[in-house]
Amino acid sequence: MRKAAKGDIRKMVMTRKQLEKLHCHLNPDKEHVNDVYKNLAHNILLYGAAYCPCQSRHIKDTICPCKFMRDKGACRCGLYLKDGEKNNG
């Protein structure tokens with residue numbers, strides 16, 4: 001099993017410009033963000049890609065940022081929040 005490279009993690013993070021286009025922002029809860037990142041890194045090690053930890057299917061459309069996030073601007077994991085939305089937990 002290979003060690004997850006920093007570059008792999010950086011590929012998961014949407015740019016500010018991408019987030020602005022979707023009217024979203026990174027969750028300000030650093031502990032939650034770190035937990036999601038750990039799960040994504042785990043999926044990189046196990047499956048070779050940063051599959052969304054909230055999805056059971058490991059397909060191209062569930063690689064973070066997943067198709068649902070890109071199309072709907074909504075993140076099931078809570079990694080990204082809609083502008084004006086606060087973290088509830």
Side-chain angles (χ1 to χ4, degrees):
M1 215 179 292
R2 73 181 181 90
K3 186 176 178 181
K6 285 184 180 180
D8 293 333
I9 303 295
R10 288 189 184 123
K11 289 178 192 173
M12 297 180 293
V13 180
M14 295 182 76
T15 66
R16 182 173 296 189
K17 191 173 186 175
Q18 289 170 313
L19 289 170
E20 286 174 1
K21 184 177 179 183
L22 294 171
H23 305 286
C24 294
H25 60 277
L26 188 65
N27 190 330
D29 182 341
K30 290 181 183 183
E31 186 175 333
H32 180 78
V33 169
N34 285 334
D35 287 343
V36 174
Y37 280 167
K38 285 177 190 175
N39 287 321
L40 289 165
H42 177 76
N43 285 343
I44 290 169
L45 293 173
L46 283 180
Y47 308 111
Y51 293 106
C52 175
C54 299
Q55 302 290 318
S56 59
R57 294 175 54 194
H58 299 136
I59 59 174
K60 184 177 179 180
D61 288 345
T62 63
I63 294 174
C64 186
C66 70
K67 182 173 176 22
F68 186 81
M69 174 62 198
R70 293 187 314 266
D71 290 351
K72 308 287 185 193
C75 180
R76 293 179 172 135
C77 296
L79 181 61
Y80 303 107
L81 302 174
K82 288 293 241 180
D83 288 345
E85 182 180 15
K86 294 182 181 178
N87 181 32
N88 292 327

Engineer: Give me the atom names and distance for the closest heavy-atom approach of Ala49 to Ile63.
Structural biologist: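 It is CB-CD1, 3.9 Å.
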Engineer: Please find the pair of heavy atoms, one from Leu40 and one from Cys64, that lie closest to each other, and give the distance.
Structural biologist: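 That would be CD2-CB, 3.8 Å.
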Engineer: Could you pull out the closest heavy-atom pair between Phe68 and Ala74, with the gap in Å?
Structural biologist: CD2-O, 3.2 Å
Engineer: What's the shortest heavy-atom distance between Leu79 and Leu26, and which atoms?
Structural biologist: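 It is O-CD1, 3.5 Å.
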Engineer: Please report the interatomic distance CG(Asn34) to NE2(His32), rounded to the nearest 0.5 Å.
Structural biologist: 10.5 Å
Engineer: Give the minimum heavy-atom separation between Lys82 and Cys24, together with the two atoms involved.
Structural biologist: CD-SG, 3.8 Å
Engineer: With Lys21, which residues qualify under salt bridge (charged side-chain N to carboxylate O under 4.0 Å, His left out), at least two apart?
Structural biologist: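 With sequence neighbours excluded, Lys21 shows a salt bridge (charged side-chain N to carboxylate O under 4.0 Å, His left out) to no residue whatsoever.
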Engineer: Sorted by first residue and then second, give each side chain to side chain donor-acceptor pair (under 3.5 Å) pair with at least one member in residues 46-66; sequence neighbours left out.
Structural biologist: none
Engineer: Enumerate the residue pairs fulfilling salt bridge (charged side-chain N to carboxylate O under 4.0 Å, His left out) with a member in residues 66-79, sequence neighbours excluded, ordered by first and then second residue.
Structural biologist: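 Applying salt bridge (charged side-chain N to carboxylate O under 4.0 Å, His left out) to every pair that reaches into residues 66-79, excluding sequence neighbours, yields Lys67-Asp71.
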Engineer: For residues Pro28 and Leu81, report the shortest heavy-atom separation together with the two atoms involved.
Structural biologist: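 Nearest pair, atom of Pro28 first, then Leu81: CD-CD1, 3.9 Å.
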